[in-house]
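These notes are about the structure you will find just below.
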Amino acid sequence: ATLEGTVLRIHPRAELHEDESVFVADMELENPQGQLRPGMNGSAKVSSGRRSLGWILFHEPWSRVRQTLAW
């Protein structure tokens, strides 16, 4: 089954699971039919949209400059 949800937190360190490095994430999911139970796990693809290389490299420094100049 395919489910959609919101990633609340991604753990900062990869863990070794079945000879693969994985990042554990906490997600918020709808469970209207009660199919999901505590302790269950699965795999996911994360989609975050596209950004230009310039935005990726410079958005954080630019935000800091704006905050500094805004007082």
Side-chain angles (χ1 to χ4, degrees):
T2 300
L3 303 171
E4 290 188 25
T6 302
V7 175
L8 302 174
R9 178 176 176 241
I10 299 175
H11 296 225
R13 293 188 184 151
E15 297 179 9
L16 192 60
H17 182 67
E18 296 179 7
D19 296 327
E20 290 187 29
S21 292
V22 297
F23 284 89
V24 175
D26 299 325
M27 292 190 65
E28 185 174 276
L29 297 170
E30 297 276 332
N31 189 21
Q33 297 172 343
Q35 295 175 323
L36 302 174
R37 302 269 187 247
M40 294 177 77
N41 59 37
S43 60
K45 288 185 179 181
V46 177
S47 177
S48 63
R50 298 178 63 92
R51 297 285 186 176
S52 70
L53 180 60
W55 187 88
I56 293 169
L57 294 174
F58 298 115
H59 79 278
E60 193 170 323
W62 176 246
S63 292
R64 288 185 188 151
V65 167
R66 284 184 29 211
Q67 288 175 353
T68 301
L69 295 177
W71 306 25

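Just so it is clear, the structure is predicted and the values come from calculations on it, not from any experiment. Position 1 is the first residue of the sequence; numbering continues from there.
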* Intermediate values then yes/no, side-chain contact (heavy atoms from CB on, under 4.5 Å), Asp26 and His11 -> CA-CA 8 Å; Asp26 299 325; His11 296 225; 3.5 Å; yes

What distance separates [X] [atom1] from [Y] [atom2], expressed to the nearest 0.5 Å?
X     : Y     : atom1 : atom2 : value
Leu29 : Leu8  : CG    : CG    : 9.0 Å
Met27 : Glu4  : CE    : CD    : 9.0 Å
Glu30 : Leu36 : CD    : CG    : 10.5 Å
Leu57 : Trp62 : CG    : CH2   : 15.5 Å

* To do: May I ask you to test the Arg64-Arg66 pair for a side-chain heavy-atom distance under 4.5 Å?
  => no

* Determine, using the 4.5 Å side-chain heavy-atom cutoff (strictly less than), whether Phe23 and Val7 are members of one ILVMFWY cluster. => yes

* Asked: Which pair of heavy atoms, one from Gln35 and one from Met40, lies closest together, and at what distance?
  -> O-SD, 3.7 Å

* To do: Would you name the heavy atoms of Leu16 and Ser21 that are closest together and state the gap between them?
  =>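 For Leu16 versus Ser21, the nearest heavy atoms are CD1-N, 4.3 Å.
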
* Would Glu15 and Val24 count as a side-chain contact (heavy atoms from CB on, under 4.5 Å) if you check the C-alpha gap in whole Å, the side-chain angles of each, and the deciding distance to 0.1 Å? -> CA-CA 8 Å; Glu15 297 179 9; Val24 175; 3.6 Å; yes

